[in-house]
Every structure is written in structure tokens, then in C-alpha cells.
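Working notes, structure below.
First the proteins, then the strands, lettered A, B, ... as listed; each starts at 1.
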Protein chains: 4
Amino acid sequence: MSTLKNHVQLIGNVGQDPQITNLESGKKVARFSLATNEFYKNEKGEKIQNTEWHTIVAWGKTAEIIEKYAGKGKEIGVAGKLKSRSYEDKDGVKRYVTEVEANEILLLGVKNGDSQ
Amino acid sequence: MSTLKNHVQLIGNVGQDPQITNLESGKKVARFSLATNEFYKNEKGEKIQNTEWHTIVAWGKTAEIIEKYAGKGKEIGVAGKLKSRSYEDKDGVKRYVTEVEANEILLLGVKNGDSQ
Amino acid sequence: MSTLKNHVQLIGNVGQDPQITNLESGKKVARFSLATNEFYKNEKGEKIQNTEWHTIVAWGKTAEIIEKYAGKGKEIGVAGKLKSRSYEDKDGVKRYVTEVEANEILLLGVKNGDSQ
Amino acid sequence: MSTLKNHVQLIGNVGQDPQITNLESGKKVARFSLATNEFYKNEKGEKIQNTEWHTIVAWGKTAEIIEKYAGKGKEIGVAGKLKSRSYEDKDGVKRYVTEVEANEILLLGVKNGDSQ
DNA sequence: TTTT
DNA sequence: TTTT
């Protein structure tokens with residue numbers, strides 16, 4: 001994957017325990033939400049928090065690390081690429097989703113850096 | 001904006017001339033699609049192209065640069081952050097979109113580097 | 001500063017308490033070493049640690065945050081640009097140094113995210 | 001290599017034809033200077049150019065691409081990691097150098113995108 | 001919808 | 001030493 005052409009990096013907190021799917025091939029897929037929080041002061045000088053939620057997907061070895069270490073609330077770094085895809089929802093409506101396909105995970109604030 | 005917490009970088013080609021909106025405030029908004037192309041060889045040794053399409057939004061000065069220089073087909077670099085938002089479509093269905101809010105544009109392969 | 005043209009990002013541990021210089025202008029400069037640690041297994045399956053040391057320089061507001069929060073041993077993220085410069089050492093030998101000029105600092109593994 | 005822990009990205013122009021070394025193993029090493037140019041206006045409104053020179057090193061397949069396509073003056077993107085090392089110069093003085101070890105090269109402004 |  |  002080219003980090004020059006398509007690269008995303010996020011540092012934030014895992015929204016809930018990742019959903020793990022075991023494929024027939026034996027490969028794992030992990031899927032979860034990550035919150036990135038930015039803080040700024042508005043014109044009144046009040047501290048405002050802006051939270052952005054991202055959907056993260058990971059495959060194989062990266063999914064295994066997520067399953068083991070990246071539980072709800074954990075602070076992690078994610079690097080990967082932006083991917084979009086479409087599907088039909090249960091009402092037959094075409095939906096588009098954009099996800100970050102993670103190929104790297106970094107556990108933060110951890111003494112034993114059991115990251116990828 | 002924190003590039004450590006939420007950062008996207010893309011290099012690709014502009015899909016069509018950007019749509020420019022002039023806000024009442026006098027500020028401009030630019031919106032366009034960017035294609036990032038990756039190439040790989042499949043197991044048969046055939047060259048495969050994988051194109052990903054991204055929605056880019058830019059405000060103010062960055063939008064002005066896009067309007068002037070980033071026409072259809074142009075090769076550009078984009079840096080910014082990932083943002084998601086929801087809206088109701090014309091049938092009242094709630095839709096979610098994820099966009100890259102560009103705060104930096106780089107014109108590539110250009111003799112006169114009139115980039116940001 | 002263009003993150004597309006010249007961008008560095010590091011996550012690691014502060015080597016020693018940053019050296020703070022107060023300029024006559026009242027501006028601060030912070031200078032410190034940051035260690036980035038990578039782990040891999042060699043051909044014998046032994047876990048090897050590879051530590052890279054980086055010189056970080058920061059000015060103004062970023063230097064103040066470093067002075068307050070980025071003491072020895074702290075895990076932080078740094079984003080900025082690569083800069084090189086030359087000087088003459090005490091023996092009159094011309095020396096070249098390459099530094100990361102940080103314009104962003106993120107404190108990691110901290111409950112109260114008092115980062116920039 | 002972890003792009004979260006140690007990542008550099010540059011877009012600029014090749015200073016001179018890369019120096020290629022053929023190792024006994026058959027592997028190639030490429031070494032060259034890359035200029036990144038930033039422009040700003042000073043307080044008098046004059047356009048100022050600030051050029052930063054970087055030393056780039058690449059191994060193996062990346063070195064081969066550089067040898068073929070990244071000649072003097074070419075506009076390229078480089079992604080990789082920051083590495084420092086020391087050596088003794090011809091006068092026995094210990095010297096330190098910081099280099100960008102490229103693991104990705106992108107040829108820009110090229111009709112035939114024969115990049116990595 | 002781009003580009004190669 | 002590049003490029004604009």
C-alpha cells in the first residue's frame with residue numbers, strides 16, 4: 001500500500017469492544033469505532049470538545065492484535081488507508097460507507113508495548 | 001487541527017471540475033472527487049488497477065486555490081482531516097457521509113507551482 | 001508549513017528533561033531527544049529492539065507545553081518538519097545537524113489530555 | 001516499519017543523479033539529495049523561498065526504481081523513516097548524519113506513472 | 001468521474 | 001545540488 005497516495009492516521013479511543021469475525025479461511029476481521037477528540041476555545045473562551053467517530057476495519061494479524069489488546073476505551077493509534085464501498089441495507093436502499101482499513105495499530109499508554 | 005490525532009493525505013487525480021459554492025459570508029466552499037490509483041499484480045501476473053474515490057471539501061483560501069488550479073484530471077496532493085456527518089436525503093432517509101476536509105493542496109507535475 | 005512537502009511524525013519516549021532556553025524576546029525554545037523503539041524478530045526468532053534517537057526542537061507555545069508536560073521518560077507524539085543546519089564546533093570543525101522542528105506535541109497515556 | 005512511530009514524507013526535487021552502489025549481495029543502494037521548497041511572503045510582501053536539503057537512502061527494489069526514474073531535477077515523493085548514524089571522517093573526526101531511509105517513491109508529474 |  |  002502506498003502511504004503517499006492514500007494514508008490515514010488517527011489517535012483516539014476505542015468506542016466499544018471490537019466486533020471480531022472469523023472467516024472460513026481462518027482469517028479474522030476486526031471492526032470498531034474510534035473517537036478522535038479535538039479541543040478548542042470558542043469566541044467566549046469556553047473549552048469546546050469536538051469528537052469525530054471513525055469506522056476502522058482490520059484483517060489478519062492486525063485484527064488479532066485488536067482482539068487481544070484494543071478493548072473499549074483503550075487509547076490507540078491507527079494507520080491505514082481510506083476505502084469506500086456500497087451495500088444494500090435491509091430496506092433495499094443503497095448505502096455508502098467509508099472506512100479506514102488499518103494495517104498498523106499502536107497501543108498507547110501501555111508499559112509493555114505489545115503493539116504490532 | 002492536530003495532524004497526530006486525525007490526518008489524511010492523498011495524492012491522485014481530480015475526477016471532475018470542482019463544484020464551488022459562494023457562501024453569503026463571501027467565503028467559498030469547494031467540493032470534488034479525487035481518485036487514488038494503486039496498481040498491483042494478481043496471482044496470474046496481470047497488472048490490476050484499484051481506484052478509490054474520495055470526497056474532498058475545502059473552505060476559504062484553500063477553496064479558492066482549488067477553483068483556480070485544480071480542474072478535472074489534474075494531479076494533486078491533499079492533506080486534511082476525516083470528518084463524517086449525516087443528513088436526510090430527498091426521501092427522508094438518513095444518510096451518512098465521510099469526507100476529507102482539506103486544509104492543504106499541492107499541485108503536482110506543474111511547471112508553475114502555484115500551490116498553497 | 002506544508003505537511004505534503006515536508007512532514008515528520010514520531011511517537012516515542014523523551015530521553016531527558018528538555019533543555020529550555022528563554023530568548024530575549026520572551027519566546028521559549030525547547031530542545032530534547034526522543035527515542036523511537038521498534039521491535040522485530042531476527043532469523044533465530046529472538047526479539048530485537050532497535051532504538052532510534054531524534055533531536056527535537058520547538059518554539060513558542062509548543063516549547064511551553066513541552067516544558068510543562070514532556071519530562072524525561074514521558075511517551076509523546078511529535079509532528080513537524082525536517083530541518084538541517086550547520087555550525088562550527090569548539091575546534092572550528094564545521095558540523096551539520098538535522099533536527100525535527102516540532103509544531104505539534106501530543107501527550108500519550110495521560111488521563112487529562114493537556115496536549116497542544 | 002511502523003509509520004506511527006517513525007514516519008517521514010517529503011515531496012520535492014532530486015538535486016543530482018542518484019549515486020548507485022551495487023552491493024556484493026547483488027542488492028543496490030541509492031543515495032541522493034532531495035530539495036523541498038517552501039514559499040512565504042515576508043513582512044515587506046516579498047516572496048521568499050526556503051529550500052531544505054535532505055539526504056535520502058534506499059535499498060533493493062526502491063533503489064532500482066530510483067536508478068531508473070529519479071534523475072536530477074525530477075519531482076518525486078518519498079516516504080520512509082528517520083535514521084541517524086555516526087562514522088569517522090578522513091581526519092578521524094566523529095561525524096553524525098541523519099538520513100531518510102525511503103521505502104516508497106512516487107514519481108510525480110509523469111505521464112507514465114512507473115512508480116513503486 | 002480521474003489517471004496510467 | 002533541485003524546482004518555481
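Rounding to whole angstrom units, CG of residue L10(B) and C1' of dT1(E) are separated by 16 Å. Rounded to an integer number of Å, the gap from CG of N13(B) to C1' of dT2(E) is 5 Å. Atom CG of D17(B) is separated from atom P of dT2(E) by 11 Å (rounded to the nearest Å). The distance between atom CD of E38(B) and atom C1' of dT2(E), rounded to the nearest whole Å, is 15 Å. Here dT4(E) presents its C1' atom at 15 Å from CD1 of I11(B), a figure rounded to the nearest Å. In this structure, CG of L107(B) is placed 18 Å from P of dT3(F), rounded to the nearest angstrom. For R31(B) and dT2(E), the CZ to C1' distance is 19 Å, given to the nearest whole Å. Between the C1' atom of dT4(F) and the CG atom of N50(D) lies a distance of 14 Å, rounded to the nearest Å.
Using a 4.0 Å heavy-atom criterion, one finds that K74(D) contacts no nucleic acid atom at all. Among the protein residues, Q49(D) comes within range of the nucleic acid bases, having at least one heavy atom under 4.0 Å from a base atom. T51(B) comes within 4.0 angstrom of a base, heavy atoms only. Counting non-hydrogen atoms under 4.0 angstrom, G73(D) reaches the backbone sugars and phosphates but no base.
The side-chain hydrogen bond (donor to acceptor under 3.5 Å, both in side chains) search around K27(A) returns none, not counting sequence neighbours. The side-chain hydrogen bond (donor to acceptor under 3.5 Å, both in side chains) test applied to S33(B) returns no partner, not counting sequence neighbours.
Test R31(B), K83(B), K81(B) against E99(B) for salt bridge (charged side-chain N to carboxylate O under 4.0 Å, His left out) and you get one pass: R31(B).
Side-chain to base pairing of N37(B) with dT3(E): one donor and one acceptor N or O lie within less than 3.5 Å of each other.
When distances run from any side-chain atom of W53(B) to the nucleotides dT2(F), dT2(E), dT1(F), the shortest one goes to dT2(E). Of the candidates dT2(F), dT1(E), dT1(F), the closest approach to any side-chain atom of S33(D) belongs to dT1(F).
At least one test fails for K94(D) against the ring of Y87(D): distance under 6.0 Å to the centre or angle within 45° of the axis.
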For this session: Using the side chain to side chain donor-acceptor pair (under 3.5 Å) rule, take S2(D) and E38(C) through it: C-alpha gap first, then chi angles, then the decisive distance, then the call.
Result: CA-CA 7 Å; S2(D) 168; E38(C) 309 236 30; 4.7 Å; no
